[in-house]
2 protein chains.
Amino acid sequence: MSIPTLDAFQAIADPSRRQILGMLVKDTQNINSLAENFEMSRPAVSKHIKILEMAGFISIQEIGRERHCFLNQEGFNELKTWLNYFDKFWNSKLKNLEIVLKNKK
Amino acid sequence: MSIPTLDAFQAIADPSRRQILGMLVKDTQNINSLAENFEMSRPAVSKHIKILEMAGFISIQEIGRERHCFLNQEGFNELKTWLNYFDKFWNSKLKNLEIVLKNKK
DNA sequence: TTTATATGTAACTTTTAAGTTACGCAAATA
DNA sequence: TATTTGCGTAACTTAAAAGTTACATATAAA
């Protein structure tokens, strides 16, 4: 785990981290209740959460000694922006096809 | 590099691989012309391309001894599907807010 | 037909990521 | 106030990813 990355793409590369995000769709959860769902140790889950937080996928609200995790749209938006860039490509390809078909007529 | 992964999320985790995808937006390119843009060796680029292909981000058309790479929508769609799942979450959060505001009036 | 080009692959090294255990510390509870 | 709970972190190990060089091979060009 070592140094946590800030990169959104790397953050979601790990299946456990995607699973954590999936769990937070339903409820806000603290670190321990998230960790209960995994085979791995709590510190391991804790590190995953740190990576997700730094990459903008989750935010954490500290309530006493507990840390409540919830989804943060930022990270997701970063991915969307990237995907949108390629959508322009598909759209222009589609347009080219239309032009070709039009000329054939 | 070793065994190429089939996972779309892992495929785009690597910055060089995202760069390769970016290069293919403009033109279909063969392996060598893609490799020219990188500091790393050609075999390294070749392996990245294999991973991108297996994850459904690019397709390859063999023309003689050359292999022409172009974007494939499949991989991108896999990511979109994943993101859409979370969009439901944001939408329901928004709806809850609307209900709260409505009740306040 | 010799040579150059475009590639894949195997064997290896290096780097990085992911996990572990052992600890410390502050907040809640008994 | 002693104890339990909910964490973070450091030090370490293991596993996987990313890169390298050295080859082999098929196609194209001289």
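A note on names: the letters A, B, ... follow the listed sequences, proteins ahead of strands, and every chain is numbered from 1.
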- Let me know, please, whether A:R65 or B:N32 comes out on the 5' side of the other along DNA chain C by nearest nucleotide. B:N32
- Query: Nearest of C:dG19, D:dT20, C:dA17 to any side-chain atom of A:A44?
  - Reply: C:dG19
- Query: Less than 3.5 Å between a donor and an acceptor, one on the side chain of B:K50 and one on the base of C:dT9, is that the case here?
  - Reply: no
- Task: Can you tell me the distance, in whole Å, between the CD1 atom of B:I63 and the P atom of C:dT7?
- Result: 11 Å
- How many Å lie between CD on B:E53 and C1' on C:dG8, as a whole number? 12 Å
- Report the nucleotide, chosen from C:dT20, D:dT20, D:dG6, that has the shortest atom-to-atom distance to any side-chain atom of A:E66. D:dG6
- Nearest-Å distance, CD (B:E62) to C1' (D:dT25)? 13 Å
- Note on the structure: Exactly one of B:F76, B:F70, B:F9 clears ring-ring contact (aromatic ring centres under 6.0 Å, His included) with B:F57, and that residue is B:F76
- d(CG, A:D7; P, C:dT16) in whole Å: 14 Å
- Query: Nearest to the side chain of B:M40 - D:dG19, C:dG8, C:dT7?
  - Reply: D:dG19
- Query: Between D:dA17, C:dT9, D:dC7, which nucleotide has the shortest distance from any of its atoms to the side chain of B:Q10?
  - Reply: D:dA17
- Please determine if a side-chain N or O atom of B:S41 lies less than 4.0 Å away from the OP1 or OP2 oxygen of D:dT20. yes
- Message: Can you identify which nucleotide, out of C:dG19, C:dA22, C:dT7, has its nearest atom closest to the B:I31 side chain?
- Response: C:dT7
- Task: Give a yes or no on whether a donor-acceptor pair under 3.5 Å exists between the nucleobase atoms of D:dG19, that is its base, and the side chain of B:R42.
- Result: no
- Task: May I ask you to verify if any side-chain N or O of A:S46 is less than 4.0 angstrom from the OP1 or OP2 atom of D:dG8?
- Result: yes
- Query: Taking the side chain of A:K47 as its heavy atoms from C-beta onward, which of D:dA10, D:dT20, C:dT7 lies nearest to it?
  - Reply: D:dA10
- Task: For A:E39 and C:dG19, give me the distance from atom CD to atom C1', rounded to whole Å.
- Result: 13 Å
- Message: With a 4.0 Å cutoff (strictly under), does any side-chain N or O of A:H48 reach OP1 or OP2 of C:dA17?
- Response: no
- Message: Checking the side chain of A:N37 only, and the main-chain atoms of A:S33 only, is there a donor and an acceptor separated by less than 3.5 Å?
- Response: yes
